Structures are given as structure tokens and as C-alpha cells.
Amino acid sequence: METIRLTTSQALVTFLNQQYIEIDGIETPYVEGVFNIFGHGNVVGIGQALQESPGHLKVYQGKNEQGMAHAAMAYSKQLNRRKIFAVTASAGPGSANMVTAAATAFANNIPMLLLPADTFATRQPDPVLQQLEHETSYAITTNDAFPAVSRYFDRIQRPEQLMSSLLRAFEVMTNPATAGPATLCISQDTEGEAYDYDVNFFQKRVHYINRQVPTTREIEGAIQRIQQSQRPVIIVGGGARYSEAAEILKALSLKHNIPLVETQAGKSTVTSAFENNLGGTGILGTSAANQVISETDLIIGVGTRYTDFTTSSKTAFDEKTAFLNININRMQTYKLEAFQVVADARAGLEAIANGLGDYTTTYGEDFRNYKAKWNVERERLANVKFNREAFTPEIKNQFDQTIMNEYADVLKTEFTQTAALITANETVKPDSIVIGSAGSLPGDLQRLWNTTVPHTYNLEYGYSCMGYEVAGALGAKLAAPEQEVYAALGDGSFLMLHTELVTALQYNKKINLLLFDNAGYGCINNLQMEHGSDSYHCELRDNNNTIMNINYAKVAEGYGAKGYTVSSKEELVAAIKDAEKQTVSTVIEIKVLPKTMSDGYDAWWHVGVSEVSDKASVLAANTTKEEKLQQAKKY
């Protein structure tokens, strides 16, 4: 057996360079590069190996461990999970800082390879700097937080363990049914230890992604259920996007007159311009999508996890509604007592389509009329204007006119959030990619952001993690360097995590931030007050109860970005047009009024409400919750 003597870290880097993926006959390298923040535990191990022989791997210095891992996630998401980044961090807090990003990738089924440094395998110098000590076991380290947020987890304490562990990690990451983060914790002394590796381990390795087709029983059962239904609707989930099922979805919809609705992960699989696409469904859905869902007798879920935001906490549909689930993950097909089709989304739909014959639904023009009505509502939201005398915001009965005027005076704006977002949507180039994750903007984006080019919508809403937005914009830009990328985020998310803006500037990867500043955590403030509570610790007010007006454009300029502050439609259009001309990253600070985001359309969200309170409004909210639960499917 021919061997080569390498350290564990050198073996790791050599292996990463030889991994390829093949889908539909197209073969590409699977690992694009490595994000790093070096510290003790990885700088003289993995860091040294990358310095000496990185191969084709692109190496980027991150600024926050969570942020750079989010960038890695957004990169893979933008490329439909066909390429990944590895992410390495130092032992202790550096590695712990990646746990949130691992959870975000896990919830969204996005692969990436996490390489947190670990304590010494020999334990000779224990306890080392930043090492936890547990009385019950020396084996427990910071990295024991990762198993719950990893699709695959292992701890490498001997060089030869790396071989079997890497093979298993890549099998998990390249399997569409299990795709997600793989975490390999490598002890810091092991990183530098040498071993005589079999050279065959470093040969080019191709991971083949085959499109799983449904069985005859599954195909016949699906066809039967569709043909027996009168008003079916297809929910387009993330699995439909990753399998590139757009063409078969459109063909099915047009031939059989079946409406399409979208989840956050599925949006832009089929563009908003498609006549039968009614937009987002559920809590953040359009009136058109939610109306058709409420009337359906069969929901065909394609690659969706059926989160509470998709199902309106299981109140969106009639109790007699049947379900047909097509998903590569068997567990997901079982949800809501559905008929189960375990298959690749595209392959499954194609197999079913072949047997539907001349079947057509009974909708006629109904759902297209619903869409026309929604378009009228969207136009209204695009033109909502503030009135200092008698203004009724979209989020009603929470802030009175005095408070609204106070915000207008302090922020020096009368711009509404819906008008600002639709203006941005209609101004940016059609192939621009929009990024989002948390706050009220995901609702506005799912309802109001119209896509005309496929795969230009990169929303992380499986975990709705504040801080994904800026890092995600960097990841998307790395995946699509020729397209403009816009992160739509609130001031709360910007304050939470924006450090990868510096990374974008450092490597000249231009991103654009649409920073909606309403001086607070507006989404949660809405939720708080809607359920009977007073506004409490969700507004950005100082110790004198004065609204804070932070100059985020100046913060951006301090980093070296181009900054803009706008408070009107005209100023926003001008800023976007000018930002397109820039070669550096830009931050467009948009001063908007609170309570002017879009509200819900025939949807309900189940959240915990106090059963005991001194406030009658809280008790009333709890009563409403209990009444709604009586209408909800129980499981």
C-alpha cells in the first residue's frame, strides 16, 4: 500500500480539494473554500496547512464566527446546495460562536462543513485557556453543544480517525434527504500530528446525486388523489427550488389549472410573474394565497416542512382538507396525515404528471381573480402616505397619533415601510438577489417583493436568525459575483451582527444593505402589543425615554462603505441608482415609521399568552387564542 505522511490538517485540506459533486451529468468541485478566524487551536494546525498548500480552495478571513458561517450557508443556499464552504474557528468561544449558525443551517437543510477546534487529546496541559471543566467528565467540551445542531457530528482525537469521519460527513452533506451542517471537532494537538495515510484516500472522489423517483404505488396513489380533488393547490417549498422543479411546476399548473403558492424557501423557484403563482402562503402570505388555501380540498406539498408560518399554526385549511406530500425526506412526507411520495421533487412531479391526462380543476378564473385583487392591495401598500392629523397605520390600535408624530419628528421621516420596500423592488435590477431573515421585513418580502428572475430570493426563515442578512449577502455575492445583492434588514438585525460587511469590503465583494430604521424591534413590538401588553423594551429609547436616532450611514462610512440616508421615495430611487454605480459595498439607511409594515391576511399565529394577568387586554388575547385553537388541527 502506497502511503503519504501528512498531518491531520494537511490531510484534511488535501481531501477537501478532491471532492466533486455530479448532478444531471454535470460535475463540479464541491468545496469552494474555507472561512476562518484563526486563534489558538486552529492557527498552527489548519492555518498552517492552508498556508502551505491550499490547492484550489479560496480562503477568507471572517470577522465573527457566526457571521462567516452564515455567509457559508447563504453561499450554498444560493447555489441550490451544490457547493459548500468549510468554516474553521479557534477553541472555546470562537467555536461556540458557530453554534447559532449551525442551527440556522440545520433548520434550513443547508450543507456546510464546520471545523471547531477542540481541547487536547492528550490532556497534558489541561485545563488550557478557554477550556470548560466539568466535574463529571473531562471528555465534555464546548463543542458538545454541536450535536443538537449538526446533521453529522464527530470528534477527531487521532489522525487516522479523519478518514472514516470525512467520508461520512460528505455522504451526509451531499445527500438531499439529510443535507445540513457536518461538524468535525479536531483536537488541537491532533491537528499537527502526522500519520501515514493511504494515498487512495486522496484520489478524486465524485459524490453522485441521483434523482430519486417514486414507486409505482406512490405515483398511482398521487394521481388518484389529484384526479379526485376539485380545487387542489400546490405549495412550492425549498425542496422544489433545490431540485430545480420550476418547469414541471409551471407545466402542471397551466395544463391542469392548479394554483401555486410559496414558502419562504420556495419563493423565486417559479417567479412572481407566472400567472398562476399567488405568492407567499400562511402567516406572511398574500390574501390571494391564503384565500385559495382556505378553499382547497387537497394540498400538494412539494419539498416543504410545513412550519407554523406556512400552515398558520395549522388553522389555514379546512378540517376535511387532504394532503399529498412529495419530499426527498421520508419524515417530512408523513406530516399532516398526508399520502406520502418519497422522491426528488422534480422527478416526482414529472412521474405524476405523465398520468394525469386531461384532468382539470373547477377553479375556472377564480384564483386568478384572487391574484388580481391582491395586486390592487399591493398597489395600495405602495402608496400609503403618512398624515400628521389622522393617520391609520397598517398595524392598527397600537401607537396613537402623538407617538407616530414623535417618531416622524425624531427620525425626520414620513416614509412608510411598505412604500419603501416596493419602491426598492421596482428600482433594483431584475436579476438582483435579495437577502433577508428576521423582523417584519420577511413578511413584507414574502408578500410584496415580486421576483422576475429565478433564484433571486434568498430568505433564511427556517430559523429566522437575526444577523444572517449581512453575512448572507456576502455569501450570495460569492455565489453570484455578477449580480447585485441586497440585504433587506432592520436596525435591530444590523445591531445584532453586521461585521461581515468589513469582510465584503476587505475582499472587494460588493454588497448593498437596505437598512430599514424604525428605531426599534418593530416586529416583536407588534406581537407584544397585539396580545394585550404595553410597549415594553422593544423600542430604541434612551434613559430619558427619547427615541434614538442612530446614523447608520455614518457607521458604514467609517468602515469604508458608501453610505446614504433617505426618507422619501425619490431619495431612495436616487440612492439605489447611485449605489449601482459604486464599486464598494453600500449601506442605504432608510428612515421609516413604525407600524407601517404590512399586516396579516386571514392568518393566525399561535404564541404563548398569559392566562393570568392584571390587564384585561391580555386576558382577552388569551381567550382569543383558546378560541382559535379549537379551530386548529391538533397535530
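The structure presented is a predicted model; accordingly, all values stated were derived computationally and were not measured.
T451 and S272 are linked by a side-chain donor-acceptor pair at a separation below 3.5 angstrom, with hydrogens and angles left out of the test. Looking only at atom types and distance, the side chain of Y601 has no donor-acceptor partner in the side chain of Q291 under 3.5 Å away.
Y463 and Y468 have their aromatic ring centers separated by at least 6.0 angstrom.
Atom CG of N397 sits in a sparse spot, with 12 or fewer heavy atoms from other residues, nucleotides or ligands closer than 6.0 Å. No more than 12 heavy atoms of other residues, nucleotides or ligands shown are found within 6.0 angstrom of CG on D602. Few gaps surround CD on E406; more than 12 heavy atoms of other groups in view lie less than 6.0 Å from it. Atom NZ of K320 has 12 or fewer neighbouring heavy atoms from other residues, nucleotides or ligands inside a 6.0 Å radius.
With sequence neighbours left out, the side-chain hydrogen bond (donor to acceptor under 3.5 Å, both in side chains) criterion links S535 to N525, E539.
The pair D517-K591 meets the salt-bridge criterion, since a charged nitrogen lies less than 4.0 angstrom from a carboxylate oxygen. Using a cut-off of 4.0 Å between Lys/Arg side-chain N and Asp/Glu carboxylate O, R380 and E394 are scored as salt-bridged. Using a cut-off of 4.0 Å between Lys/Arg side-chain N and Asp/Glu carboxylate O, D534 and K615 are scored as salt-bridged. Between R330 and E218 there is no salt bridge, since no side-chain nitrogen of the basic residue lies less than 4.0 Å from a carboxylate oxygen of the acidic one.
A pairwise comparison of heavy atoms in L572 and A420 identifies CD2-O, 3.3 Å as the closest pair. The nearest pair of heavy atoms linking R241 to N80 is NE-OD1, 3.0 Å.
Taking the centre and axis of the six-membered ring of Y306, the NZ or CZ atom of K335 falls outside the cone set by 45° and 6.0 Å.
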